Amino acid sequence: MNEVASRVRYLRDTLDQHNYNYYVLSAPTIPDKEFDLLMKELEELEAQYPELADPHSPTKRVGSDLSKEFEPVAHKYPMLSLSNTYSEEEVREFYERTERALNEPFDIVCELKYDGTSISLTYENGKLVRAVTRGDGTRGDDVTANVKTIRSVPLKLRGDTYPAEFEIRGEILLPWAEFDRLNKEREEQEEPLFANPRNAASGTLKQQNPAIVASRRLDAYFYYMLGDNLPCDGHYENLEMARTWGFKIPDVLRKCSTLEEVFDYLKYWDVARKELPVATDGVVLKVNSIRQQRNLGFTSKSPRWAIAYKFQAEQAVTRLNSVSFQVGRIGTITPVANLEPVLLSGTTVKRASLHNEDIIESLDLHLGDYVMVEKGGEIIPKIVGVDTDARSILLGDKVRFVQTCPECGTKLVRPEGEAAHYCPNDTGCPPQIKGRIEHFVTRRALDIGIGPETVDDLYEVLGVRNVADLYTIEEADLLSLERWGERSARNFLDSLEKSKSVPYERVLYGLGIRFVGETVARRLASAFPSMEELQQASLEVLTEVDEIGDRIAQSVMDYFADEANLILVARLKEYGLQMKISEEKLSGRTDKLKGLTIVISGTFSIHSRDEYKAMIEQNGGKNSGSVSGKTDYILAGENMGPSKLEKAAKLGVKVINEEEFLNMLAE
């Protein structure tokens with residue numbers, strides 16, 4: 001009995017941790033199927049040994065994504081999870097169980113299971129009043145302000161056939177194209193990549209700044225309506241009505257009257273889903289009639305009238321040959337598994353990211369292990385398991401994370417609260433030096449026409465050790481290099497000369513300050529019109545800038561606290577690079593809003609939100625994403641968030657409309 005109790009405690013602790021990883025951190029560490037198997041084992045043990053029951057067991061609740069940073073809201077109708085199935089046989093059992101329970105004809109609606117984050121929207125009199133995450137199933141987080149930035153979410157419904165009040169549920173998704181764009185930006189900044197679009201969508205929805213949410217171009221698909229006065233008894237028919245009101249209802253829904261039709265749907269979409277613009281991981285089967293749904297009822301965790309059929313993730317087994325450790329331009333150490341080449345999802349996979357030390361330890365990897373590599377909904381191949389039964393006495397060494405930099409030998413550091421290790425030798429570690437130069441010369445920074453091979457030559461042969469050294473290179477130096485002629489040397493020197501006209505905000509981006517991407521560089525340049533002003537800015541002043549949080553502000557402070565960086569910037573200024581906003585841009589600036597902090601909220605008809613932000617900055621004011629005691633005005637459009645309005649009234653902040661704001665500028 002002690003062994004059973006111990007196993008139950010282990011399962012509860014493990015599932016609680018995985019729930020936290022999935023719903024709060026948006027960083028799951030095990031596949032869904034493995035989680036479901038652990039949950040199923042715990043359910044069986046609790047049923048077999050009722051004396052071990054615990055009201056706080058993971059079996060008694062839905063995984064939670066509640067955050068302390070958002071206001072919790074109780075769901076009018078609980079948001080329960082669906083039971084998962086992984087085989088046609090389990091689908092057949094569900095169908096036959098439903099058949100026996102109803103004892104009358106019924107239809108099954110098949111729809112794709114989109115791999116995003118669940119959302120519930122409430123509409124009153126045709127207007128969106130609330131958007132709430134799934135949370136723990138009974139309460140969720142109010143993310144209305146963020147959801148309003150999603151273009152596919154109607155703020156006001158079309159027509160007049162909708163109920164006075166109803167709830168519609170769906171999935172917030174990040175399309176593949178946007179996922180690729182985001183990860184490319186994060187890779188450039190050496191931030192951890194999103195493993196899949198689901199994590200990216202979940203993390204985005206919990207951003208405190210709606211402007212960041214808007215910039216990530218989320219999408220939303222809707223699949224379920226609730227309310228006391230829905231137009232139809234049929235789930236399928238209600239969704240078709242919702243389509244006419246302006247909701248994005250997937251056009252893949254199919255109403256099936258036989259089990260064979262259901263199986264046809266599963267087989268078709270197991271292949272066809274790979275051509276969709278968003279991630280899917282299965283099919284949801286629902287009894288169509290709401291009357292029949294009520295008759296079938298619910299278990300404590302899920303409806304009896306619906307199940308989720310999960311597609312098998314695409315996996316391959318191959319041998320782990322070695323693990324290498326790469327050093328990025330800001331010193332991030334990334335472990336990479338080098339594999340025996342294997343075909344997976346139509347491409348040959350030779351390498352897979354191991355992310356960090358914690359992942360390596362959890363897998364208990366040894367050289368020579370046969371590992372399971374998975375793509376599934378992932379873009380980046382990852383190792384999800386080890387075939388321990390295939391291990392032999394010739395098994396290689398256990399894989400351990402390096403303690404010193406593989407390039408320069410410096411002892412690595414791991415900042416508290418972070419998963420990654422870093423090499424702190426930023427001025428002497430070759431990959432970091434070359435990486436910063438490669439970043440500086442990119443088209444979006446200084447646009448100097450050379451690639452990594454040339455940077456390598458400049459480092460190894462000409463002794464270039466930082467970006468300022470580029471401006472000391474002469475034609476004779478270049479002609480001493482292999483593959484260089486007079487024409488290529490002249491083109492390079494010309495591009496160096498042209499880079500001296502590149503705007504200040506791109507120079508700032510080119511410095512490669514950690515967390516300062518293109519958008520942040522533009523914000524900083526606008527708030528601090530010269531590099532000298534930015535260098536002297538305090539942490540408090542930096543964080544007052546729209547979209548600049550503590551992490552970015554501290555990174556900027558750390559950069560300019562380093563004497564070597566100050567010398568570098570001074571040299572670049574001496575060589576003629578732009579270190580302040582141009583006179584042309586400055587000439588259009590005024591002090592009409594100097595010293596004023598303005599929060600923008602709602603939707604506008606005369607100008608866009610971005611245009612108003614630019615006007616505020618152009619006239620000496622500061623944008624802020626949240627209302628505080630330092631806020632002077634709220635520029636309010638339609639559908640302004642009620643929480644901001646309430647806070648403004650409490651703090652005595654004046655609320656102005658578009659016309660009043662434009663009049664302030666015209667005075």
Side-chain angles (χ1 to χ4, degrees), residues 43 59-63 73-85 90-114 118-124 129-130 132-140 157 161-171 221-245 247 249-250 253-259 261-262 265 282-309:
E43 288 173 342
T59 60
K60 301 294 188 292
R61 66 193 292 273
V62 179
V73 176
H75 289 296
K76 183 176 180 180
Y77 309 96
M79 287 185 79
L80 301 179
S81 59
L82 295 176
S83 298
N84 289 328
T85 61
E90 289 175 299
V91 171
R92 182 185 297 277
E93 289 173 5
F94 163 76
Y95 192 91
E96 292 175 349
R97 189 166 60 245
T98 303
E99 204 169 35
R100 289 193 299 272
L102 289 175
N103 197 28
E104 65 178 348
F106 63 95
D107 291 324
I108 293 288
V109 178
C110 297
E111 53 198 58
L112 289 179
K113 186 176 184 297
Y114 295 98
S118 299
I119 197 74
S120 180
L121 309 183
T122 298
Y123 284 80
E124 294 177 3
V129 295
R130 193 175 301 108
V132 183
T133 64
R134 188 170 71 132
D136 62 5
T138 59
R139 293 185 314 149
L157 301 183
T161 59
Y162 44 79
E165 181 181 348
F166 70 96
E167 199 172 316
I168 189 164
R169 292 176 178 174
E171 205 82 358
Y221 290 10
F222 296 95
Y223 51 67
Y224 186 45
M225 281 178 61
L226 300 104
D228 297 329
N229 297 293
L230 299 183
C232 308
D233 176 61
H235 162 69
Y236 179 91
E237 290 75 18
N238 280 329
L239 290 181
E240 288 302 307
M241 289 289 290
R243 193 192 303 277
T244 68
W245 304 334
F247 290 105
I249 306 297
L253 272 67
R254 182 178 175 190
K255 190 161 64 171
C256 302
S257 55
T258 67
L259 184 58
E261 289 178 359
V262 172
Y265 187 95
V283 170
V284 176
L285 311 176
K286 298 174 184 172
V287 171
N288 186 48
S289 167
I290 295 172
R291 175 185 61 81
Q292 291 178 333
Q293 290 179 9
R294 291 196 188 104
N295 287 338
L296 290 166
F298 300 82
T299 68
S300 61
K301 288 206 314 168
S302 57
R304 291 191 178 92
W305 43 266
I307 58 165
Y309 170 82

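None of these values were measured; they are calculated from a predicted model.
Of the possible polar contacts, one joining the Gln293 side chain to the Val287 backbone as a donor-acceptor pair under 3.5 Å is found. Within the 3.5 Å criterion, the main-chain N or O of Val73 finds no donor-acceptor partner in the side chain of Arg139. Side-chain N or O atoms of Ser83 include none that pairs as donor or acceptor with a backbone N or O of Ala308 at under 3.5 Å. Arg243 places a side-chain N or O within donor-acceptor distance of the main-chain N or O of Ile249, the cut-off being under 3.5 Å.
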Please tabulate, one pair per line, all N/O donor-acceptor pairs under 3.5 Å involving side-chain atoms of residues 92-99, not counting sequence neighbours.
unit_1, atom_1, unit_2, atom_2, d
Tyr95, OH, Ser257, O, 3.4
Thr98, OG1, Phe94, O, 2.8

Hey, can you pull the donor-acceptor pairs under 3.5 Å for the side chains in residues 100-111, sequence neighbours left out?
unit_1, atom_1, unit_2, atom_2, d
Glu104, OE2, Arg291, NH1, 3.2
Glu104, OE2, Arg291, NH2, 3.2
Glu104, OE2, Gln292, NE2, 3.1
Glu111, OE1, His235, NE2, 3.1
Glu111, OE2, Lys286, NZ, 2.8

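Contact annotation: the side chain of Phe298 approaches that of Leu80 to within less than 4.5 Å [non-hydrogen atoms, C-beta and beyond]. Counting heavy atoms from C-beta outward, Glu261 and Arg254 have side chains that approach closer than 4.5 Å.
The line from NE2 of His75 to OG1 of Thr133 is 6.0 Å long, rounded to the nearest 0.5 Å. A distance of 12.0 Å separates NZ of Lys113 from CG of Leu285, quoted to the nearest 0.5 Å. Distance check, rounded to the nearest 0.5 Å: CG of Leu157 to OG1 of Thr244 gives 9.5 Å. Taking CG of Leu121 as the reference point, atom CZ of Phe222 lies at 4.5 Å (rounded to 0.5 Å). Atom-to-atom distance recorded for Arg130:CZ and Thr122:OG1 is 5.5 Å, nearest 0.5 angstrom. Distance check, rounded to the nearest 0.5 Å: CD of Glu167 to NZ of Lys76 gives 8.0 Å.
Among the candidates Asn295, Asn238, Leu226, the single residue satisfying the side chain to side chain contact (heavy atoms under 4.5 Å, CB included) test with Ile290 is Asn238.
Contact detail for Trp305 and Gly297: the closest heavy-atom pair is CD1-O, 3.5 Å. Between Gly170 and Tyr223 the shortest heavy-atom distance is O-OH, 3.2 Å. The two residues Pro163 and Pro231 have their closest heavy-atom pair at CG-CD, 4.2 Å. Nearest heavy atoms, Arg169 versus Pro78: NH1-O, 3.3 Å. Taking every heavy atom of both residues into account, Pro250 and Tyr114 meet most closely at CB-OH, 3.2 Å.
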Could you walk me through whether Tyr309 and Tyr265 pass ring-ring contact (aromatic ring centres under 6.0 Å, His included), step by step?
CA-CA 11 Å; Tyr309 170 82; Tyr265 187 95; over 10 Å; no
For a side-chain contact (heavy atoms from CB on, under 4.5 Å) check, start with the C-alpha distance between Val283 and Leu112, then their side-chain angles and the critical distance, and finish with the verdict.
CA-CA 4 Å; Val283 170; Leu112 289 179; 4.1 Å; yes
When you look at Ser120 and Tyr224, which way does the side-chain contact (heavy atoms from CB on, under 4.5 Å) test go after all the steps?
CA-CA 9 Å; Ser120 180; Tyr224 186 45; over 6 Å; no
Run Trp245 and Phe166 through ring-ring contact (aromatic ring centres under 6.0 Å, His included) and show every step you take.
CA-CA 13 Å; Trp245 304 334; Phe166 70 96; 5.5 Å; yes
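Between Tyr123 and Phe247, a ring centre-to-centre spacing shorter than 6.0 Å is recorded.
Applying the side chain to side chain contact (heavy atoms under 4.5 Å, CB included) rule to Glu237 yields the partners Cys232, Lys255, Asn288; only residues at least two apart in sequence or on another chain are considered.
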